[in-house]
Structure formats: C-alpha cells, structure tokens
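Shown next, in structure tokens, is the structure this report addresses.
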Amino acid sequence: MKNLEIAKLFYEMADLLEMKGVDWKPAAFRRAARSLEALSEDIETVAQKNRLHEIPGVGDRLASKIIEYLATGKIDEREKLLKSVPKEITQLMQVPGLGPKKVKVLFQKLGIHSVEQLQQAAKEHKLVKLAGFGEKTEQNILRGITLFKTGQERMLLGRAHPLAQSIVERLQKRREVKQIAIAGSMRRMSQAVGDIDILVTSNKPGPIMDTFTTLPEVKAVLAKGSTKSTVILNAGIQADVRVIPEESFGAALQYFTGSKDHNIALRNIAIRKGYKLSEYGLFDKKTGRTVAGSTEEGVYKKLGLSYVEPEMRENRGEIEHAQRRKLPCLVTKADIKGDLHMHTTYSDGEHSVREMVTAAAALGYEYIAITDHSPLQRIAHGVEEARLRKQWKEIDKAQEEFPQIRVLKGSEVDVKADGSLDYPDRILKELDVVIASVHLGQSHDNTDRILRALDNRYVTLLGHPTGKRYGLRESYQVDLLRVYNAAHDAGKFLEVDGQPERTDLSDTAVREAIDAGVKLTIDTDAHSVEQLQRYMYYGVGTARRGWATTTDIVNTLPLKKFEKIIAR
DNA sequence: GCCGTTTTCGGCCCGACTGTTTTCAGTCG
C-alpha cells in the first residue's frame with residue numbers, strides 16, 4: 001500500500017506550493033491527500049483499474065502524478081519544487097503558530113530553513129526586526145518550538161476520552177453551563193485524536209473560560225478569549241473549549257464534530273439550496289433568517305438529509321446515502337448482549353473468574369465467555385489442560401452463584417505456524433467458544449495458516465484479525481479479502497477487538513467484511529474488570545465507523561439464539 | 001488543481017483569536 005506514502009508527498013508539495021505563494025493548488029493537493037489517507041483500497045489496484053478519478057479531489061493532473069509516482073518512484077513537479085525551496089522548510093510549517101507567510105519571510109529575509117536555525121535566531125532576538133513580527137511573536141515561536149519538539153502526536157481515544165470526560169464533569173458543575181458536549185474526532189470515535197473539543201452553551205462565558213484555563217491538569221494556556229480557549233494538558237494533548245449561544249448548539253455541535261471533508265460537502269449542499277451554514281446555524285442567504293441551528297437533526301433535515309451518526313461523518317459515501325434515506329441503523333452499546341473475549345488470573349488477566357463474572361452480571365450481559373490463553377503463550381501463563389479443567393469447575397461454581405448470566409467456557413487459542421491450533425480437537429470440542437488468534441511468528445504471510453484455522457470445525461471466531469497495535473506494531477501480512485471469503489464460507493465470525501490500541505478489525509475493514517457478508521463479534525479482550533466495563537464502548541464505536549448494524553454483530557443476539565448459532 | 005440540479009469558467013467554508021497594526025493579516029480548526 002503506497003496510499004499513505006503518496007498522501008505524505010502531496011501534503012509536502014502543498015506546503016512547498018503555499019510558501020511559493022501559489023493560490024488554491026495547495027488546498028487541492030491536501031484534499032486529495034486526505035482522500036488517499038481515507039482510502040482503504042490499495043492505490044495501485046485503483047490505478048490499474050483506471051479508477052483514480054473516482055477518488056474525491058483527484059482530477060487529471062493529480063491522477064497522472066500518482067501514476068508517475070507508482071511507475072518511477074518520483075514526481076517531477078516535486079523534484080522541481082525542492083530545487084527552489086529546501087525540503088526541511090516544510091518542517092517549519094509544523095511549528096504551531098507558523099504558517100506559510102511567516103515561514104516565507106523567515107526564509108527570504110534570514111535564510112532560516114530549519115527548526116534549529118529558527119530557535120537560534122529567536123533566542124538572539126533577530127525576529128523582532130522583521131516586518132509583521134514583534135516581541136510576542138518571537139516568544140510564541142519559542143514556545144511553539146518546544147511544543148513541536150515534545151511532539152504533537154495523536155493520542156489514543158482510549159486514553160484521551162477519560163481526560164475529556166473528567167473535564168466535562170467539572171465544567172458541568174458550574175451553574176453558567178447549560179449544555180455541554182464533546183465534539184471533534186473524539187465524538188466520531190476515531191482510534192486516535194489530535195485534540196479534545198468541548199462545546200458549551202451559556203449566557204455567561206467568562207467564568208467558564210476562567211475555570212477551564214485554570215484546571216489543575218492544564219500545562220499551558222495557548223489562547224484565552226471571551227468565547228474560546230485553548231490549552232495544553234499535562235498529558236500532552238491540546239484541549240479547546242468553545243462557548244456558543246443556546247440557539248446555535250446543534251449547528252455548533254455539527255460543525256465542531258466534523259470531519260472537515262464531511263462539513264465541506266455539507267456546506268456545498270447548503271450553498272446550492274440558497275443557505276449559508278456556519279457554527280451559528282443554517283441561514284437563508286437572502287433574508288439572513290435562521291432556518292435551523294438548535295439541533296443537529298434540524299440542520300440535516302433542512303439540507304434534505306437524514307440524520308448522520310457522528311461515526312459515519314467521514315465523507316465516505318454517507319452524504320449520498322443520507323440524501324437517498326439509505327443510511328444503515330447502526331449498532332449501539334445497548335444492543336450488545338454478551339462479551340466473548342476476556343482473560344482472568346489463569347493467564348494474564350488481573351481478576352479472578354468470579355470477579356469477571358460479577359462485573360459482567362452487573363453490566364447486564366446475558367452471557368460471557370471466559371477465554372484465557374492457550375499453553376503456547378508462556379509469557380502470558382497460557383493454560384495447559386489440567387488447569388483448564390480446574391477453571392471449568394470454577395466457572396461452574398460462578399455459574400451457580402450468578403444464574404442470571406450464562407458463563408461460557410472458552411479459550412483464546414493460538415494459531416500455530418502451520419495453521420493447527422494449540423489445543424487438540426478433543427479439548428476444543430468441549431469448549432463453547434473458541435477464539436483462534438495469531439500471536440507468534442507474524443513475520444511472514446499469515447493468510448494460509450489463518451484459513452486453515454478457520455477450517456477447524458471447533459473454531460468460533462478469529463480474534464484481532466490483523467494483529468495491529470497502534471503505535472506498537474503494524475498489521476501482520478494477511479490477505480483480508482481471502483479471510484473474509486473463508487470466514488463467510490465456513491460460517492465463522494471475525495472479531496472487532498475493543499482494546500483501544502487494537503480496535504481490530506479497523507473501521508474500514510469492518511465495512512469491507514460486512515460487504516463480503518461476514519458476521520462479526522464485538523469484544524473487549526478485557527484483562528481486568530475495568531477494561532471489561534470500558535472497552536466495549538471503543539469496540540462498538542469502531543463497528544459503527546464501519547457502518548455495522550445489529551444484524552452484522554452476532555453478540556447482539558439474545559442468549560438462546562446465540563447458543564444456537566455457535567452450536568456445531 | 002478540482003468541480004458543476006446556477007457554471008466548462010470562476011468559484012473554492014467561515015469565523016475566533018492574536019499580534020501588530022491604526023484597520024488588518026496570519027494562523028487555526
């Protein structure tokens with residue numbers, strides 16, 4: 001997949017063009033780059049099929065640049081650009097507070113083209129002399145460099161979300177706050193978020209800004225205005241709070257939820273209908289009269305669209321579906337009747353069988369499966385046969401104590417290099433739920449061994465199908481299309497693992513799997529009670545981003561139907 | 001450079017905040 005590679009080059013070219021003062025072209029390059037990032041299909045396949053023009057924002061010129069890159073590994077225009085502007089200069093654009101105009105001045109007047117040079121010049125007070133620069137700009141740039149160096153990587157949703165909730169809870173206590181909501185990519189349930197966006201309605205924004213900017217976890221205040229403030233939290237992520245009047249809440253929530261591409265598409269529809277859409281509402285262009293704005297539903301309705309759930313707002317076809325009233329009714333957390341993947345102290349979990357069952361019963365589940373690791377996972381204390389049988393007795397005991405929840409005997413069984421499983425069939429036969437998972441020997445292509453594992457009649461589902469872990473490990477090599485087809489043919493399920501660093505299958509893979517007719521499960525893969533309680537939210541969010549409905553998710557079935565479908 | 005139930009040319013989302021200016025440009029989301 002060279003999708004991300006090419007997207008990166010387009011972003012870089014956009015920066016270079018912008019510094020040269022070229023109009024509009026940079027925006028076109030960025031739009032195409034965003035489309036490439038969102039594209040799940042391999043760009044080379046798309047190019048071969050002559051379907052590059054179907055990618056939003058890719059026209060004749062950009063299509064030929066993609067083809068040029070795939071054929072030669074180079075883009076001629078980029079090479080030419082790099083001759084007139086040094087490449088490192090695009091790094092300067094990454095410094096918060098610096099944009100193309102200021103970078104251009106820095107380069108032309110002082111010859112600055114690296115962050116190090118910039119830092120040196122700012123310390124020597126050389127910047128204040130430049131037109132448009134002043135004392136504060138210089139200080140801001142120094143602060144921006146610090147931020148740049150500590151890195152503004154995206155933060156895992158599973159880590160950022162509790163931070164956001166905690167801020168919301170404390171702001172909510174102020175009586176000036178009427179409505180409050182989390183917006184942005186966090187509301188869209190992206191696996192990782194760049195910042196935290198919080199929206200508040202109030203008639204008295206002042207005290208809210210004060211409270212927010214003085215929270216104990218605030219490391220630095222980047223901006224504090226009358227209705228909008230931006231801070232950096234100690235955890236290293238940016239947080240914004242924005243106060244709007246009550247009648248604009250829906251429009252603002254829509255606007256700040258994004259995504260950018262979804263909003264641009266929406267605005268264009270508004271323009272065509274003679275409206276103007278902003279975070280303050282939907283207005284009639286001629287009379288200026290408010291058409292909608294207090295609720296999101298109202299805004300979508302007036303634009304001729306059915307309501308689009310936040311998780312779908314990525315401009316991946318949801319707008320066309322909303323126009324034709326063909327949007328799927330997404331699965332919700334309340335639809336989930338059971339959790340099929342969790343660990344106890346028998347392998348690498350923190351809590352006992354009884355503790356996990358107690359927690360699951362409190363969550364209101366109709367059923368769960370206890371699925372510790374098989375012996376091959378020595379580092380995780382994989383369970384050999386004798387201990388497995390001991391665990392079954394413990395499960396039976398817990399089952400007696402908690403008759404309201406069915407406790408299934410399961411295992412997360414390792415798929416060995418040759419595709420055989422880490423327990424013999426005579427043991428697998430006695431288990432209610434068998435999760436086949438690849439953990440070891442991921443360096444070569446895993447498709448064949450996964451297909452063989454799916455062929456085993458006792459396997460229920462394939463656990464975390466790609467092995468990808470955010471920031472830790474890329475997906476192992478696997479031909480997912482073949483896996484979808486095999487799972488479909490064999491009647492096996494694929495898992496959406498809800499661990500925040502996994503969410504595996506990913507959103508786009510969920511959609512492909514559903515299109516291939518595969519049924520899925522959403523599990524927590526919990527290693528503690530706390531994870532059992534929290535991670536289903538992320539699993540469901542990922543499935544919703546993949547447009548999953550209850551009929552696609554097996555563990556939305558009530559117990560009786562579920563037992564029937566896993567019986568073999 | 002892209003794109004079209006207003007257009008194949010002439011638009012391209014739009015408003016808050018900041019700092020450097022004396023009315024606005026640059027940056028950000």
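Each chain gets a letter, A, B and so on, in the order the sequences are listed, and its residues count up from 1.
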**Asked** Side chains of A:S84 and A:K20: donor-acceptor distance under 3.5 Å anywhere?
**Response** yes
**Request:** Indicate whether any N or O donor in one side chain lies under 3.5 Å from an N or O acceptor in the other, for A:Y538 and A:E501.
**Result:** no
Distance between the [atom1] atoms of [N] and [M], in whole angstroms?
N      : M      : atom1 : result
B:dG15 : B:dT20 : P     : 26 Å
B:dC13 : B:dC3  : C1'   : 16 Å
B:dA16 : B:dC9  : P     : 37 Å
B:dC17 : B:dT6  : C1'   : 36 Å
B:dC28 : B:dT22 : P     : 23 Å
B:dT5  : B:dG1  : C1'   : 24 Å

**Prompt:** Do any pairs count as a ring-ring contact (aromatic ring centres under 6.0 Å, His included) and have a residue in residues 25-45 of chain A, sequence neighbours left out, and if so which ones?
**Reply:**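 Listed by first then second residue: A:F10-A:F29.
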**Item:** A:E68 vs A:D76 side-chain heavy atoms within contact, under 4.5 Å
**Value:**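 Answer yes - side chains close enough.
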**Message:** By the definition side chain to side chain donor-acceptor pair (under 3.5 Å), identify the one residue from A:K25, A:R30, A:K101 that meets it with A:E18.
**Reply:**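 By the side chain to side chain donor-acceptor pair (under 3.5 Å) criterion, A:E18 pairs with just one of A:K25, A:R30, A:K101: A:R30.
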**Asked** With A:E309, which of A:R544, A:R187, A:R188 fulfils salt bridge (Lys or Arg N to Asp or Glu O under 4.0 Å)?
**Response** A:R544
What is the nucleic acid contact for [X], judged by heavy atoms within less than 4.0 Å: base, sugar-phosphate only, or nothing?
X     : value
A:P26 : nothing
A:R61 : sugar-phosphate
A:L98 : sugar-phosphate

Whole angstroms only, please: what is the [atom1]-[atom2] distance between [X] and [N]?
X      : N      : atom1 : atom2 : result
A:R272 : B:dT7  : CZ    : C1'   : 13 Å
A:F283 : B:dC13 : CZ    : C1'   : 14 Å
A:L282 : B:dC13 : CG    : C1'   : 13 Å
A:R31  : B:dG29 : CZ    : P     : 21 Å
A:D261 : B:dC3  : CG    : C1'   : 15 Å
A:N268 : B:dC12 : CG    : P     : 10 Å
A:K25  : B:dC2  : NZ    : C1'   : 12 Å
A:E68  : B:dG1  : CD    : P     : 12 Å

**Request:** Using only side-chain N and O atoms of A:Q238, determine if any of them is under 4.0 Å from OP1 or OP2 of B:dG29.
**Result:**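 Answer yes for this pair, as a side-chain N or O of A:Q238 is under 4.0 Å from OP1 or OP2.
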**Request:** Tell me whether the OP1 or OP2 atom of B:dG1 has a side-chain N or O from A:K65 closer than 4.0 Å.
**Result:**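 Yes, such a contact exists.
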**Asked** B:dT8 pairs with which nucleotide, Watson-Crick or G-U wobble, both distances below 3.5 Å?
**Response**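 In the structure as shown, B:dT8 has no Watson-Crick or wobble partner.
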**Prompt:** Between B:dT27, B:dG1, B:dG29, which nucleotide has the shortest distance from any of its atoms to the side chain of A:K102?
**Reply:** B:dT27
**Message:** If you apply the rule side chain to side chain contact (heavy atoms under 4.5 Å, CB included), what do you find for A:H113 with A:Q117, and how did you get there?
**Reply:** CA-CA 7 Å; A:H113 57 77; A:Q117 289 174 322; 3.8 Å; yes
**Request:** Report the residue (A:D240 or A:P56) whose heavy-atom-nearest nucleotide on DNA chain B is the more 5′ of the two.
**Result:** A:P56
**Asked** Relative to the 5' end of DNA chain B, which residue comes earlier, A:K273 or A:G99, by the nucleotide with the nearest heavy atom?
**Response**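 It is A:K273 whose nearest nucleotide is closer to the 5' end.
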Please write out the pairs of protein N or O atoms and N or O atoms of nucleotides 15-21 of chain B separated by less than 3.5 Å, giving the distance to one decimal.
| residue | atom | partner | partner atom | Å |
| --- | --- | --- | --- | --- |
| B:dG15 | OP1 | A:K276 | NZ | 2.9 |
| B:dA16 | OP1 | A:Y280 | OH | 2.7 |
| B:dC17 | OP1 | A:S226 | N | 3.4 |
| B:dC17 | OP1 | A:T227 | N | 3.0 |
| B:dC17 | OP1 | A:T227 | OG1 | 3.1 |
| B:dC17 | OP1 | A:K228 | N | 2.8 |
| B:dT18 | OP1 | A:K224 | N | 2.7 |
| B:dT18 | OP1 | A:K224 | O | 3.3 |
| B:dG19 | O3' | A:T137 | OG1 | 3.1 |
| B:dT20 | OP1 | A:G134 | N | 2.8 |
| B:dT20 | OP1 | A:G134 | O | 3.2 |
| B:dT20 | OP1 | A:E135 | N | 3.2 |
| B:dT20 | OP1 | A:K136 | N | 3.4 |
| B:dT20 | OP1 | A:T137 | N | 3.2 |
| B:dT20 | OP1 | A:T137 | OG1 | 2.9 |

**Prompt:** Parallel under 30°, tilted from 30 to 60°, perpendicular over 60°: which one fits the rings of A:H321 and A:W547?
**Reply:**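 Taking A:W547 first and then A:H321, their aromatic rings stand perpendicular (interplane angle over 60°).
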